Amino acid sequence: MSTTPAPLSPKFVPAEKSGITSVSKSDGFKFSLVSYNILAQAYVKGDLFPHSPGPCLKWKARSQAILTVLKSLGADFLCLQELDEYDSFYKRNIESVGYSSIYVQRSGQKRDGCGIFYKQDSAELVIEEKIEYNDLVPSNQDDTSSEDKEENLPAGGNKKSASKDAGLKNRQANLGDLNDPCVRFKRDCVGIMAAFRLKDPSHLIIVANTHIYWDPELADVKLAQARYLLSRLAQFKLLVSDKFDCSPSVVVTGDFNSLPGSQVYQYLMSGSSEAGTLPEISDDVPIPLCSAYASTRGEPHFTNYTPGFTGTLDYILFSPSGGIKPVSYLELPEPEASDVQGGLPNYYHPSDHLPIGAEFEIIQ
């Protein structure tokens with residue numbers, strides 16, 4: 001009698017680069033964080049995932065598999081993208097095991113969004129702000145979202161593979177005049193950021209979670225969203241610093257729909273870009289950021305794995321001057337691993353993305 005394979009639960013492993021504290025040592029207070037694009041059920045269409053076993057795509061099976069993975073991770077913070085069914089399923093089921101949460105739904109008619117779940121016995125919510133990337137649209141924009149014409153395609157995931165299909169060209173033709181910034185920059189993408197007070201020891205940390213637009217043909221839109229994110233983050237950090245007379249640590253997570261070496265990736269690491277004309281954004285100096293994986297084991301081979309697209313799109317970034325350092329990271333499968341062969345989702349991985357994670361130590 002055959003049994004359905006259970007979803008895999010990755011573990012945190014110690015960083016091994018020189019001078020980085022091992023997770024097995026108790027040299028200081030640590031907190032853990034996971035970022036995971038869980039693939040909104042609204043975007044689970046059989047024609048987008050023909051490689052996936054049919055039962056893996058059903059809501060009842062997927063939702064329970066995702067919940068199993070999230071609970072097993074046991075992280076202090078769970079930063080989720082493509083989070084739909086928040087009120088009807090995830091909020092109560094994750095909060096039932098000791099978490100509280102905040103959430104922002106995408107603009108327009110989109111049903112998913114970004115959420116941050118945090119352990120009540122580890123952190124206390126102090127203040128939060130939502131990020132609407134439609135703020136990049138000139139003020140004379142009407143209320144009709146051009147992306148509402150995209151037939152409910154998600155903001156990210158393996159849908160990049162659709163760019164190889166003739167169907168994408170037909171879809172793009174229906175988006176309107178992409179030379180019009182009122183059309184081009186209205187992508188209904190969102191983010192959320194919050195300041196938390198860690199309870200032991202008392203320490204303020206800012207956690208931001210976002211999902212950047214997916215389309216590789218709109219690289220300037222992605223970059224504009226990244227710039228807006230760091231601008232809002234700098235303003236938020238200043239607000240928190242002034243209000244609570246402190247210097248908070250900063251962690252930024254999400255699905256950035258951008259490969260290592262891309263303009264978005266380079267901008268996030270350096271705060272500068274050679275981009276051409278983009279919407280006006282404030283002159284706030286971006287917070288310097290480093291990648292938790294790049295500074296420990298190196299960026300993963302992939303965080304999104306499908307037959308049409310395989311690559312790293314998800315990141316956990318932190319400010320190295322913010323009094324924290326990564327001491328462990330969530331393990332990820334190698335390209336030849338049997339549990340990813342054929343592409344995701346499958347029985348072992350309920351999303352087309354993999355969860356990534358890091359444990360940070362507070363440097364007193």
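This is a predicted model, so every value here is computed, not measured.
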Going through the distances and angles, do N93 and L70 end up as a side chain to side chain contact (heavy atoms under 4.5 Å, CB included)? CA-CA 10 Å; N93 279 289; L70 294 176; over 6 Å; no

Just do the side chain to side chain contact (heavy atoms under 4.5 Å, CB included) check on L83 and D112 with the steps written out, would you? CA-CA 5 Å; L83 174 60; D112 64 306; 5.8 Å; no

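- Between F196 and Y118, the ring planes are tilted. Angles from 30° to 60° get that label.
- Looking only at atom types and distance, the side chain of S101 has a donor-acceptor partner in the side chain of Y86 under 3.5 Å away.
- With no hydrogens or angles considered, a side-chain donor-acceptor pair links S249 and H203 at under 3.5 Å.
- The environment of NZ in K243 is sparse: at most 12 heavy-atom neighbours from other residues, nucleotides or ligands sit within 6.0 Å.
- For the residue pair Q41 and S63, no side-chain donor N or O sits within less than 3.5 Å of a side-chain acceptor on the partner.
- No side-chain donor from either of E124 and S100 sits under 3.5 Å from a side-chain acceptor of the other.
- F256 pairs in a side chain to side chain contact (heavy atoms under 4.5 Å, CB included) with only one of the listed residues (V252, T253, L259), which is V252.
- The aromatic rings of Y329 and Y293 sit tilted, their planes meeting at an angle between 30° and 60°.
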When you look at Q81 and N209, which way does the side chain to side chain contact (heavy atoms under 4.5 Å, CB included) test go after all the steps? CA-CA 8 Å; Q81 307 89 40; N209 179 27; 2.7 Å; yes

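- Remark: D242 CG is packed, more than 12 non-hydrogen atoms of other residues, nucleotides or ligands lying under 6.0 Å away.
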